Colleague: 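A single structure is presented below for examination.
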Amino acid sequence: MRVRVATTALGITAALLAVPACSTGTEPDTAPSARTEKPADAAQRTVTLSSAALATRLLDESDLGSGYLRKPERPARHDDVTVIGCPALSELGGDAATGGSLTFPRKAKATFTYAGSSSEISEELYSDSANKLSDGIGQIFDAMTGCPTYQVVAGGTPIDITSQKLTAPHDRGDEQWSQLLTFSAGGRSTVVKQVAIRDGSLLLVVSGSPALVDRHLDKALAKATATATS
């Protein structure tokens, strides 16, 4: 499963590395949600959405409010990547830890800056079978949080990373994961919070400045899981 390493001139601003299909033995922060559904609603949650349909469910500037500006998507980079101090990651080798988002084929993504600052929030949506989404994102969070500290050398730049598993919001969706990542490079540090929520056949991943993630997570989930109307 591949995930993204994103950098700016001032340091790391978003966080996911390629990880192996293995488990550290930890379980995702999951709990059954109290959900009363009509049969039609339950059927809707199992429908696999196209990338185009997912794109319409992403937050936009009007949802976020004033001060947010969408960033243009950059072409995928394929820097040489070496992982030091985390065997579960280093086993993949540099070629496996190169750009791109999660490898689910149906996906959409948007990233926004806030108020001209270095603060960012990124939203990613994926659609596939519930089992595939659960297994894929669960393996990633297990691997990332299984190594509390490690180093990545990406494109010749050493990046020190610490990870911390957080308690995920159990009252949202079917499964939830959350972690806090700190990236240190060139004398600067960036803290990134990441929350993933699976709701039926849809996976929402929100990453970025912790305050922005907390502020917009519920809004992102509501829009992503809204039942389409004709």
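By convention here, the first residue in the shown sequence is residue 1. As the structure is a computational prediction, the values presented were derived from the model and not from experiment.
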Colleague: Determine the minimum heavy-atom distance between Pro148 and Gly146, stating which atoms define it.
Modeller: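 Closest approach of Pro148 to Gly146, heavy atoms only: CD-O, 3.5 Å.
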Colleague: Would you find a donor on one side and an acceptor on the other, under 3.5 Å apart, between the side chain of Arg215 and the backbone of Leu217?
Modeller: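 Flag not set: sc Arg215 to bb Leu217 has no pair under 3.5 Å.
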Colleague: Donor-acceptor pair, Asp128 side chain versus Leu133 backbone, under 3.5 Å?
Modeller: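 It does not hold such a pair.
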Colleague: Counting only N and O atoms by type, is there a donor-acceptor contact under 3.5 Å from the side chain of Ser134 to the main-chain atoms of Asn131?
Modeller: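 Not a single qualifying donor-acceptor pair exists.
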Colleague: So, taking the atom named CD1 in Ile159 and the one named OH in Tyr150, what distance separates them when rounded to the nearest 0.5 Å?
Modeller: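 Going from the CD1 atom of Ile159 to the OH atom of Tyr150 covers 10.0 Å.
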Colleague: Measure the shortest side-chain to side-chain distance between Gln194 and Trp177 over non-hydrogen atoms and say whether it is less than 4.5 angstrom.
Modeller: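 No; the side chains remain at least 4.5 Å from each other.
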Colleague: Have a look at Ser122 and tell me which of Thr111, Val206, Val192, Val205 forms a side chain to side chain contact (heavy atoms under 4.5 Å, CB included) with it.
Modeller: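 Single pass found, and it is Thr111.
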Colleague: When rounded to the nearest 0.5 angstrom, what is the spacing between NZ in Lys132 and CG in Leu203?
Modeller: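 Nearest 0.5 Å value for the NZ-CG distance: 14.0 Å.
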Colleague: Hey, does the side chain of Ser51 reach the backbone of Ala108 with a donor-acceptor pair shorter than 3.5 angstrom?
Modeller: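 Such a contact is absent between Ser51 side chain and Ala108 backbone.
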Colleague: Has Thr182 got a side-chain atom pairing as donor or acceptor with Thr162's backbone, closer than 3.5 angstrom?
Modeller: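 No, Thr182 side chain to Thr162 backbone: no donor-acceptor pair under 3.5 Å.
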Colleague: For ring pair (Phe, Tyr, Trp, His ring centres under 6.0 Å), just list the numbers for Tyr68 and His216, CA-CA rounded to whole Å, side-chain angles, deciding distance to a tenth of an Å, and then say yes or no.
Modeller: CA-CA 12 Å; Tyr68 290 87; His216 297 294; 5.1 Å; yes
Colleague: Any side-chain heavy atom of Asp199 sitting closer than 4.5 Å to one from Leu204?
Modeller: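 No, every pair of side-chain atoms sits at 4.5 Å or beyond.
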Colleague: If the condition is side-chain hydrogen bond (donor to acceptor under 3.5 Å, both in side chains), which residues does Ser62 pass it with, not counting sequence neighbours?
Modeller: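 Ser62 satisfies side-chain hydrogen bond (donor to acceptor under 3.5 Å, both in side chains) with Asp60 only.
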Colleague: Side chains of Arg106 and Leu49: closer than 4.5 Å at any heavy-atom pair?
Modeller: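 Sidechains of Leu49 and Arg106: no contact.
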Colleague: Return the CD to CG distance between Glu120 and Leu212, rounded to the nearest 0.5 Å.
Modeller: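 These two atoms lie 9.5 Å from each other.
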Colleague: Where do Pro158 and Ala185 come nearest, in terms of heavy atoms and distance?
Modeller: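 Answer, listing the atom of Pro158 first, then Ala185: O-CB, 3.7 Å.
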Colleague: Among all residues two or more places apart in sequence or in another chain, which pass the side-chain contact (heavy atoms from CB on, under 4.5 Å) test with Asp160?
Modeller: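 Residues passing side-chain contact (heavy atoms from CB on, under 4.5 Å) with Asp160: Gln151, Ser184.
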Colleague: Please check if the side chain of Lys219 supplies one atom and the backbone of Asp63 the other of a donor-acceptor pair under 3.5 Å.
Modeller: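 Yes, the answer is positive, given that a donor and an acceptor are paired below the 3.5 Å cut-off.
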Colleague: Consider only side-chain heavy atoms of I, L, V, M, F, W and Y, link residues closer than 4.5 Å, and tell whether Ile197 and Val47 are in one cluster.
Modeller: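 Yes; tracing contacts between hydrophobic side chains, which count when under 4.5 Å, links both residues.
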Colleague: Under the 3.5 angstrom rule, does the side chain of Ser163 hit a backbone N or O of Cys147 as a donor-acceptor pair?
Modeller: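 Between the backbone of Cys147 and the side chain of Ser163 there is a qualifying donor-acceptor contact (under 3.5 Å).
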Colleague: Side-chain contact test, heavy atoms from C-beta onward, threshold under 4.5 Å: evaluate it for Ile137 versus Arg198 and give yes or no.
Modeller: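 Contact flag for Ile137/Arg198 side chains = no.
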Colleague: Below 4.5 Å, heavy atoms only, C-beta onward: do Gln176 and His170 meet side chain to side chain?
Modeller: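 Yes, at least one pair of side-chain atoms sits under 4.5 Å.
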Colleague: Closer than 3.5 angstrom, by distance alone: can the side chain of Lys223 be matched with the main-chain N or O of Leu58 as a donor-acceptor pair?
Modeller: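 Yes, the answer is positive, given that a donor and an acceptor are paired below the 3.5 Å cut-off.
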Colleague: Where the side chain of Glu123 meets the backbone of Leu59, is there a donor-acceptor pair that is under 3.5 Å apart?
Modeller: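 Checking the backbone N and O of Leu59 against the side chain of Glu123, a donor-acceptor pair under 3.5 Å is found.
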Colleague: Hey, could you give me the OH/OG distance between Tyr114 and Ser66, rounded to the nearest 0.5 Å?
Modeller: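 Going from the OH atom of Tyr114 to the OG atom of Ser66 covers 6.5 Å.
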Colleague: If every non-hydrogen atom of Arg57 is compared with every non-hydrogen atom of Ala226, which pair is closest and at what distance?
Modeller: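 Shortest heavy-atom separation between Arg57 and Ala226 comes out as NH1-O, 3.2 Å.
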Colleague: How many angstroms lie between CG in Leu54 and NZ in Lys109, if you round to the nearest 0.5 Å?
Modeller: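 Spacing of CG (Leu54) from NZ (Lys109) equals 14.5 Å.
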Colleague: Let me confirm one number: the OG1-CG distance from Thr225 to Leu202, rounded to the nearest 0.5 Å.
Modeller: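 Rounded to the nearest 0.5 Å, the OG1-CG separation comes to 7.5 Å.
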